[in-house]
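The structure appears below as structure tokens.
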Amino acid sequence: MIALPLEDVAEIVGGRVDGEAEGVVVTGPVVIDGREAGPGSLFVAFVGEHVDGHEHAGQAAGRGAVAVLGTRATELPTVVVDDPQAALQRLAAHVVAQVRDQGLTVLALTGSQGKTSTKDLLAAVLAEAGPTVATFGSFNNELGMPLTALRVEPGTRFLVLEMGARGRGHLTALTDVVAPDISIVLNVGTAHLGEFGSREAIAEAKGELVAALRPDGVAVLNADDERVVAMAELAPGRVQTFGTAPEAEVRLEGLTLDRLGRPSFTLVAGGEGAEVTLQLVGAHQAMNAAAATAAALAAGMTMEQVTAALAGVTSLSKWRMELSELDSGVVLLNDSYNANPESMRAAIDALASIGADPAVRRTVAVLGEMLELGADSGSSHRELGAYAAEHVDQLLVVGAGARGIHDGGVDAGGSCAFVDDNAAAVTWLREQLGEGDAVLVKASRGARLDEVAAALQ
């Protein structure tokens, strides 16, 4: 964060200082968890149903925080406001505006799936061209986005913001805080369908990111998704497309996978082709790489710079297509952070590609519930079960909410097992797995299947 005297912070957010502010300078980071504070931090205190952040000001002070932003006085000098969230957003808008004057480019991306992986790829690519700040994990909501924005410093060249939406107007609210120079829309799928009601409503919400572009901004759109391509009419300026479609300006061709499901492909842009081999697992990562390439080109990088950077990316955010070989000889693919029908199929495809290796004895998909699918939840789970039964050797379904996956797998003639909870899943796996097996673990975050993956490791 740029250094700001506490009195300036109070003026920016429209608050008043309680306590001695003379000589107090916030240098960052700005945090909402006292345990994450560091030297020079501003601790933002929220009052929740079970926790009052103001009571943890001392904890933040012990870790180096110099001030608090909250609704009442604390033991630290405190900027008192009526609404800490609104104040946090005003502070983020101010800081970004200051750094923007020094050459900062803001890139924002959204989509029903692939946001975090694409954000990670894009951030890694841009970091080769200059100091880059990007969203941690999928910290992409009305609190996470401004906290990310506040990490910029005077020398930051790129700010990459993942933006999530759970309804109309959510992206507009986020972009009102920080308007993007480059907006990337990956796809319109079925994630959060239960909250939106239809794909058309999802498309309308995602389109807000394009409409929010600055006047000279660039919209980076998926040429393979008709709902995304239609967003071009919302763009105030230039549009750059990516995908496998012949008309895509950054075109993906010749996709192949190696024995561990890692993609190689050609990216064609401006009439020139570049060969790329990723160290990441899954065919879907090739499309994520194409999106990242289109955005990086729009930000001024060359194709040679981009493809060299892509080849060097070895990992993504936690619990996303993490591949490891266990001491037992089992290959584990941990993609347990989140799930929807499209990402589930992509992960199953990745497992199946690994299973094509003669050294793999058996593929096992450990799947849990997909949340927030609304009225389509039952059919989506059953369809996924049938898909899994066709592509993997063994299906283990975890939890009552995922029972439809099991039923769909059984109806499709697959080898299927069902257990009630994560503990039972770990027991089953320890009894059944053997050397040469390849295992996928995936579900929505609420199912906490990361516990199963951790137990296996």
Within-4.5 Å side-chain heavy-atom neighbours: [X] and [Y]:
| X | Y | result |
| --- | --- | --- |
| Asp335 | Leu440 | yes |
| Asn222 | Val185 | no |
| Val30 | Ser41 | no |
| Leu326 | Ser324 | yes |
| Val360 | Ile354 | yes |
| Leu323 | Val331 | yes |
| Gln113 | Asn187 | yes |
| His391 | Asp349 | yes |

Hey, is the main chain of [Y] close enough, under 3.5 Å, to the side chain of [X] for a donor-acceptor pair?
| X | Y | result |
| --- | --- | --- |
| Ser377 | Gly374 | no |
| Asp83 | Ala86 | yes |
| Ser343 | Ala339 | no |
| Thr302 | Gln305 | yes |
| Asn422 | Arg448 | yes |
| Arg320 | Lys318 | yes |
| Asp376 | Ser380 | no |
| Gln279 | Arg262 | no |
| Asp181 | Val106 | yes |
| Lys206 | Thr110 | no |

Only counting residues at least two apart or in another chain, list the ones meeting salt bridge (charged side-chain N to carboxylate O under 4.0 Å, His left out) with Arg251.
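By the salt bridge (charged side-chain N to carboxylate O under 4.0 Å, His left out) rule, Arg251 matches Glu253.
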
Once ring pair (Phe, Tyr, Trp, His ring centres under 6.0 Å) is applied, what residue pairs with a partner in residues 429-457 remain, sequence neighbours excluded?
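Every pair satisfying ring pair (Phe, Tyr, Trp, His ring centres under 6.0 Å) with a residue in residues 429-457: there are none.
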
Distance-only donor-acceptor hits, side chain of residues 231-240, under 3.5 Å, sequence neighbours excluded:
unit_1	atom_1	unit_2	atom_2	d
Arg238	NH1	Gln240	OE1	3.4
Gln240	NE2	Ala294	O	2.9

Show every donor-acceptor pair shorter than 3.5 Å between a side-chain atom in residues 122-130 and any protein atom, with sequence neighbours excluded, or say none if there are none.
none

Set of side chain to side chain donor-acceptor pair (under 3.5 Å) partners for Thr266, sequence neighbours left out:
Glu275

Taking only residues two or more places apart in sequence or in another chain, which ones pass side chain to side chain donor-acceptor pair (under 3.5 Å) with Thr241?
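Applying side chain to side chain donor-acceptor pair (under 3.5 Å) to Thr241 gives Glu249.
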
Inter-residue atom distance [X].[atom1] - [Y].[atom2], 0.5 Å rounding:
| X | Y | atom1 | atom2 | answer |
| --- | --- | --- | --- | --- |
| Leu107 | Leu161 | CG | CG | 8.5 Å |
| Asn338 | Met344 | CG | CE | 9.5 Å |
| Asp176 | Gln89 | CG | CD | 9.0 Å |
| Thr148 | Phe139 | OG1 | CZ | 7.0 Å |
| Leu121 | Thr293 | CG | OG1 | 8.5 Å |
| Leu384 | His406 | CG | NE2 | 13.5 Å |

Looking only at heavy atoms, what is the nearest atom pair of [X] and [Y], with distance?
| X | Y | value |
| --- | --- | --- |
| Arg430 | Ala455 | NH2-O, 3.2 Å |
| Met1 | Leu150 | CB-O, 3.1 Å |
| Leu143 | Ile32 | CD1-CD1, 4.3 Å |
| Val152 | Val133 | CA-CG2, 4.2 Å |
| Leu297 | Met301 | CD2-O, 3.3 Å |
| Ala205 | Leu171 | O-CD1, 3.3 Å |

NZ/NE/NH1/NH2 to OD/OE distance under 4.0 Å, Glu200 and Arg227
yes

So, [X] versus [Y]: side-chain donor-acceptor pair below 3.5 Å or not?
| X | Y | answer |
| --- | --- | --- |
| Ser328 | Glu435 | no |
| Asp224 | Thr244 | yes |
| Asp450 | Ser336 | no |

Taking only residues two or more places apart in sequence, or in another chain, which ones meet Phe265 in a ring pair (Phe, Tyr, Trp, His ring centres under 6.0 Å)?
none

Residues two or more places apart in sequence or in another chain: which of them pass ring pair (Phe, Tyr, Trp, His ring centres under 6.0 Å) with His170?
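For His170 there are no ring pair (Phe, Tyr, Trp, His ring centres under 6.0 Å) partners, ignoring immediate neighbours.
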
Those residues that, when tested against Ala45, pass side chain to side chain contact (heavy atoms under 4.5 Å, CB included) (two or more places apart):
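Residues passing side chain to side chain contact (heavy atoms under 4.5 Å, CB included) with Ala45: Phe43, His54, Val68.
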
Who pairs with Ala350 by side chain to side chain contact (heavy atoms under 4.5 Å, CB included), at least two apart in sequence or on another chain?
Val281, Met321, Leu333

Kindly state each residue pair satisfying salt bridge (Lys or Arg N to Asp or Glu O under 4.0 Å) with at least one member in residues 399-408, sequence neighbours excluded.
Arg382-Asp407

Could you tell me whether Glu247 atom CD has more than 12 heavy atoms of other residues or ligands within 6.0 Å of it?
yes

Donor-acceptor contacts, no H, no angles, side chain residues 361-370, under 3.5 Å, sequence neighbours left out:
unit_1	atom_1	unit_2	atom_2	d
Arg361	NE	Asp437	OD1	3.2
Arg361	NH2	Asp437	OD1	3.2
Arg361	NH2	Asp437	OD2	2.9
Arg362	NH2	Gln432	O	3.0
Arg362	NH2	Asp437	OD2	3.0
Thr363	OG1	Asp393	N	2.9
Thr363	OG1	Asp393	OD2	3.2

Test log, rule salt bridge (charged side-chain N to carboxylate O under 4.0 Å, His left out), inputs Glu342 and Arg199:
CA-CA 13 Å; Glu342 292 85 2; Arg199 281 199 173 188; 2.9 Å; yes

